Amino acid sequence: MKNIAVTEALDWRTRIFDTIPFPALILSTEKIIISANNAFLKKKNTDLDRVVGKTCHHVFYQMDIPCSAAICPFSKVIAEKKAHSTFRRMEPEGNEEVWVDRMFSPILDENGNVKFIMECVRDVTRMISLEKRSIHMRQFLDKVIQSSHNAIVAADMKGNILLMNQAAEDLFGFSMEEALQTKNAESLYPPGKAKEIMKNLKSERFGGKGKLFASRVDIINAQGETVPAEVAGAIIYEGEEEVATTGIFYDLRGKIAAEKKLNEVLIQVAQSEKMASLGQLAAGVAHEINNPLTGILLYSNLALERLDEKDLVRKYLESVLDDTGRCRDIVKNLLAYSRQASPAKEIFQVNSLVEHSLSLMRDQELFSNIKLVKEMSGEMILIHADKNQLSQVIINLIMNGIDAMERKGCLIFRTYRNKPDKKAYIEVSDTGCGIPEDSLSKVFDPFFTTKETGKGTGLGLSTSYGIIKENGGHISIKEMSSKGTTFLIELPLYVPDEQITVS
Ligand SMILES: Nc1ncnc2c1ncn2[C@@H]1O[C@H](COP(=O)(O)OP(=O)(O)O)[C@@H](O)[C@H]1O
Ligand SMILES: [Mg+2]
């Protein structure tokens, strides 16, 4: 009876072994095959007699020596008396590579020693290829995030930073490692801003719940500087639960600089258009007035000659002549502004211009409380221009500076050049009252003056503008504040091979 029970039990075990749907072997501790299940025999297309007595490495790899312990856990299973498994790549069946999970489980005898080892072989090719695909996908996504020109930052719901791409490291100025350890999303913005963004993200109003349309924001970089940016955000959900936030930042500095440049160009174009039409008007007026003025001067002089030395009317006529002279000067300036007077050009050093202009100023009393600072270039900067006309410009700037400082302060002259651009520069700065913002666009207009009648004609800067244009240059206000003003004159640098005779 007992024997029958044992046989039956053995029979059950064999049947269970055969029911296992994947290949399985019973091995001796010397790796000799004792038995193989049906799935194994079917898979290998063989029968039991042909495998029993062979080694495991032979039937799987046609090898005479066992696999190394580094890849086969067989000896570990014997030593530890517990199951271990290993992933192994098998010879490809067709084109596809095949991966298997080989599980070795110890079968113990009545004394608890390992008697046999059961090896189960499960095909995990699909699982491995899915995992490979998912790793590949993850790496691809990582590359997409890393290569984005926009800065991408992800943080958990407590604000701890989880991820930053290269553009984010560049924009914020710290590495992802630093961010993971020390930074919180709140520190990326000015105080209070992170909370506001979070509130907007959760609201329906700014792109739908969990989303935030791109909006203007200031961010704080590692140097503590405020950088203008645009941020679009999203909350990442797992089911209903909010697990993280992402922000995509766009650095606006380039765009703002380009807009500013464009604005400057537009202002310059508007300014030169205005100057051109004012110039035409000025030229017309000057021309119309010039003829009658010549008449008034001629006849007044003739009348004066006929009058007796003691005649009281002489005084009146002399006043007429004086005022007419003033009118003629104004007309001359207007003609210069409208570029009707052609310059007499010569080649000279820019540095000499300042000295020449100062020497022409007869009223040296003007400078008694003025400190003159000359920051002149040590290089030889030559220009080809009308020296007397340019001196007139420098004198205008000096006079305006002295007026703005109420005759007390500092006048600074600077000269320098930009060789590649072929430009020579002259700067005249004063420590005066500065020019109010709303006057900026008008100071070069003829007759614009803020000085009281009799003191200012409003022709100094407009004449200077005309002269500089006539000499191929440009005059502008480089800086102005309540501490003073800097005028900048730009002129073409003289390049010797232009073949101009030195006068
Ligand atoms: N250096 C300066 N600092 C402050 N304001 C200035 C300066 N230069 C010019 N201005 C302003 O520009 C106006 C026009 O100057 P300008 O054409 O020389 O005429 P005027 O000197 O006769 O007033 C001045 O009235 C003054 O308001
Ligand atoms: Mg003036």
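Residue numbers count from 1 along this sequence. Basis for what follows: all heavy atoms, side chains included, without hydrogens, waters or symmetry-related copies. Indexing begins at 1, ligand by ligand and atom by atom, following the structure's order. Since we're looking at a predicted model, the values are computed, not measured.
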Exercise for the section: Check step by step if ring-ring contact (aromatic ring centres under 6.0 Å, His included) holds for Y494 and F348. Expected result: CA-CA 9 Å; Y494 169 66; F348 59 95; over 10 Å; no
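- At a cut-off of 3.5 Å, with distance as the only test, no side-chain donor of N388 or Q392 sits close to an acceptor on the other residue.
- Relative to the ring axis of F206, K211 does not place its NZ or CZ within 45° and under 6.0 Å from the centre.
- Residues E196 and Y189 have side chains that never bring a donor and an acceptor to within less than 3.5 angstrom of each other.
- Looking at N150 and S148, their side chains never bring a donor and an acceptor atom within 3.5 Å of each other.
- For the residue pair D142 / Q146, no side-chain donor-acceptor distance below 3.5 Å is found, with atom types taken as modelled.
- If you check the side chains of N400 and K451, you find a donor sitting under 3.5 Å from an acceptor.
- Taking a heavy-atom cut-off of under 4.0 Å, ligand 1 is surrounded by N400, G401, A404, D430, G434, I435, V443, F448, T449, T450, K451, G456, T457, G458, L459, G460, L461, T485, F487.
- A donor atom on one side chain and an acceptor atom on the other are not found under 3.5 Å apart for T226 and D218.
- A side-chain hydrogen bond (donor to acceptor under 3.5 Å, both in side chains) with N471 is found for exactly one of K345, Q389, H384, K387, namely Q389.
- Near-neighbour remark for the Mg ion (ligand 2): protein N, O or S atoms under 2.8 Å are N400 OD1; waters not counted.
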